[in-house]
Number of protein chains: 2
Amino acid sequence: MYSQSEENYLKAIYHLEESSEKGVSTSKLSEELQTKAASVTEMLKRLAEKKLVNYQKYYGVSLTPEGKSWALAIIRKHRLWEYFLVECLNFNWDEVHEVAEQLEHIQSKKLVEELDCFLGRPSFDPHGDPIPNAAGVLPEFKKRRLSEFKVGDTLICKGFSDASSSFLQFLDQHKIGLDTLVSIKSIQEFDESMLVKVRKSEIMLSKTATQNIFVEKNKESKIKEKV
Amino acid sequence: MYSQSEENYLKAIYHLEESSEKGVSTSKLSEELQTKAASVTEMLKRLAEKKLVNYQKYYGVSLTPEGKSWALAIIRKHRLWEYFLVECLNFNWDEVHEVAEQLEHIQSKKLVEELDCFLGRPSFDPHGDPIPNAAGVLPEFKKRRLSEFKVGDTLICKGFSDASSSFLQFLDQHKIGLDTLVSIKSIQEFDESMLVKVRKSEIMLSKTATQNIFVEKNKESKIKEKV
DNA sequence: TAAAATTTTTAGGCAAAGCTAAATAATTTT
DNA sequence: AAAATTATTTAGCTTTGCCTAAAAATTTTA
Ligand SMILES: [Mn+2]
Ligand SMILES: [Mn+2]
Ligand SMILES: [Mn+2]
Ligand SMILES: [Mn+2]
């Protein structure tokens, strides 16, 4: 239906719309997609003609409902494939993104639905990112950063917003992953770094790190510790 | 490494080299790939520059060792994905080809090897076509057509060379698939059509059909019938 | 608010991969 | 062996998606 390139633009616009208050600019897009601004302008004109985006010369771009639903379909595929790679094919969570970038463009309604079913209709991908359902609806979840909490809190890791290989490998090294329990032992005042306890060991996390770890308040930690 | 289009040409040349004695001509390729002869000529020049084919103006084309090994890698992926779709995702064997045409172009050594492993290193795809191993070596197998046999012979279906949806659906309707036992009851002299027995029922197969069904002599039919 | 800086768009090119129409080479027929 | 037919290649054009350099609009700064 749409080319790989067009799909990548839609996805990039979606992500930028999510992560910033203001409209999406040509330069932000060109940075995200590693292309030149001139190429972005051209593509935006094409996408606007196809009614996938609202584009006003010099004033940025936003997705139309049609564009948004297409973007969500691509993201759904991307995250389902990442889940498949980790759960079925022994990929580590820092190796999946590149391959998923290719697989997300495969066109087949049946393939996506059967894959979803085969995997047990997962709600979150290996990085804790929510997987939209077939209708494009994202699962309910609240995003709070580890950096927002205070000494004494015990939390469950639910996602990681910097998906770079190096950050994911750092987390691996310290055995921090999805559903890992983390309790805050102390916070340095001058740089807001945190000393946290993970299982038996204590780890120092920089503010950059704690801002990129999404957590949930742990309601059942007492119970689980007894079991 | 190579574009999807280039990969499709390599695959097409491979298949045509296999299925015909003589060299592969521009017109055969244009027919196979549903493009115009002029486009084929252009692509052949590009592939020759990249040392993937031997191309002599006006005298057809053949794969170099490099080209052949790349073609086999694509075919390996195609057939592994077809196997995956049928075995894991509830696809019927007449629905897989189109999706596999897309999946075969995904680039990731690890993906292919892990998929192969996950599937249990199958030797044949859902249509009975041999799957090359990682080194590009095809499993041993002998191709004989049902049309070569005579009344009284009992045979096991091992492959189907016309992979069109309609032929595969026809086989489905008559419950003929891989490893189905078929015995020849009679052969019409005037059109060489065959009356065969499959399980409890008798089916009439045209010569076109029997030429497209690959079989093996059944060594254990007596034993199996007793069990 | 006018000048400077920055961002965005336009203009003009390029490569891949397709097309049609015309030219040319190879093959078949007479 | 020449003519006719068929196959193949060349020439010229199109679209997609990218680029650089120049022009124009917007935003920031003074
Ligand atoms: Mn990813
Ligand atoms: Mn992810
Ligand atoms: Mn196939
Ligand atoms: Mn097949």
Side-chain angles (χ1 to χ4, degrees), chain A residues 1-14 16-17 20-63 67 70-71 74 101-102 104-107, chain B residues 1-13 16-17 19-63 67 70-71 74 101-102 104-107:
Chain A
M1 201 70 173
Y2 300 111
S3 74
Q4 296 210 180
S5 198
E6 289 170 323
E7 292 189 339
N8 286 335
Y9 274 86
L10 293 178
K11 206 172 38 133
I13 297 167
Y14 178 89
L16 291 174
E17 272 188 335
S20 77
E21 328 302 281
K22 312 185 221 158
V24 176
S25 69
T26 302
S27 51
K28 278 264 166 253
L29 267 171
S30 82
E31 194 193 335
E32 175 91 5
L33 291 161
Q34 310 266 61
T35 57
K36 294 298 146 106
S39 310
V40 173
T41 300
E42 275 189 310
M43 180 59 98
L44 292 184
K45 284 193 278 189
R46 275 199 292 274
L47 294 176
E49 252 176 42
K50 297 183 181 181
K51 313 268 188 205
L52 294 166
V53 301
N54 307 113
Y55 170 53
Q56 280 232 85
K57 255 190 185 182
Y58 293 103
Y59 294 92
V61 72
S62 66
L63 293 173
W70 201 269
I74 308 295
E101 285 292 306
Q102 298 178 60
E104 72 190 5
H105 301 290
I106 304 289
Q107 312 261 226
Chain B
M1 204 71 173
Y2 300 111
S3 73
Q4 296 209 182
S5 198
E6 287 170 325
E7 291 189 340
N8 287 335
Y9 273 87
L10 293 177
K11 206 171 40 130
I13 297 166
L16 291 174
E17 270 187 335
S19 68
S20 77
E21 329 301 282
K22 311 186 222 159
V24 176
S25 68
T26 301
S27 51
K28 278 265 168 250
L29 268 171
S30 81
E31 193 192 338
E32 176 90 3
L33 291 161
Q34 310 266 61
T35 56
K36 295 296 145 106
S39 310
V40 173
T41 300
E42 276 187 309
M43 180 59 98
L44 292 183
K45 284 193 280 189
R46 274 198 292 275
L47 293 176
E49 253 175 41
K50 297 185 183 181
K51 313 268 189 205
L52 294 166
V53 301
N54 307 113
Y55 170 54
Q56 280 232 83
K57 253 189 187 181
Y58 293 104
Y59 293 92
V61 73
S62 66
L63 293 173
W70 201 268
I74 308 296
E101 284 293 305
Q102 298 178 61
E104 72 189 4
H105 301 290
I106 304 290
Q107 312 261 240

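A note on names: the letters A, B, ... follow the listed sequences, proteins ahead of strands, and every chain is numbered from 1.
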Problem set entry | Minimal non-hydrogen separation, B:Lys11 against B:Glu104, with atom names | NZ-OE2, 2.8 Å
Seminar exercise, completed: Here the pair of heavy atoms bringing B:Gly60 nearest to B:Tyr55 is O-CD1, 3.7 Å
Problem set entry | Sugar-phosphate, base or nothing in reach of B:Tyr2, heavy atoms under 4.0 Å | nothing
For this session: To the nearest Å, give me how far apart CE (B:Met1) and C1' (C:dA16) are.
Result: 18 Å
Exercise. Given atom CD of A:Glu6 and atom C1' of D:dT15, what is their separation to the nearest angstrom?
Worked result: 12 Å
For this session: Would you indicate, yes or no, if D:dT16 has its OP1 or OP2 atom less than 4.0 angstrom from a side-chain nitrogen or oxygen of A:Arg46?
Result: no
Exercise. To the nearest Å, how far apart are B:Lys36 NZ and C:dG18 C1'?
Worked result: 11 Å
For this session: Measure across A:Tyr14 and A:Ala71 and return the closest heavy-atom pair with its distance rounded to 0.1 Å.
Result: CB-CB, 3.8 Å
For this session: For D:dG17, take OP1 and OP2 only and decide whether either is under 4.0 Å from a side-chain N or O of A:Thr35.
Result: no
Exercise. Could you write nucleotides 6-13 of chain D as a row of B, S and -, 5' to 3', where a protein heavy atom under 4.0 Å of any base atom gives B, of only sugar-phosphate atoms gives S, and otherwise -?
Worked result: --SBB---
Exercise. What distance separates A:Trp70 CH2 from A:Lys50 NZ, expressed to the nearest 0.5 Å?
Worked result: 11.0 Å
Identify all side-chain donor-acceptor contacts of residues 29-38 of chain B below 3.5 Å with residues at least two apart in sequence or on another chain.
{"unit_1": "B:Ser30", "atom_1": "OG", "unit_2": "B:Ser27", "atom_2": "O", "d": "3.0"}

Problem set entry | Between D:dT15 (P) and A:Met43 (CE): distance, integer Å | 16 Å
Seminar exercise, completed: When rounded to whole Å, the CD to C1' distance for the pair B:Glu49 and C:dA15 reads 13 Å
Exercise. Could you state the NE2-C1' distance from A:His105 to D:dG17, rounded to the nearest angstrom?
Worked result: 14 Å
Exercise. Taking B:Gln107 for the side chain and B:Met1 for the main chain, is one N or O donor matched with an acceptor at less than 3.5 Å?
Worked result: yes
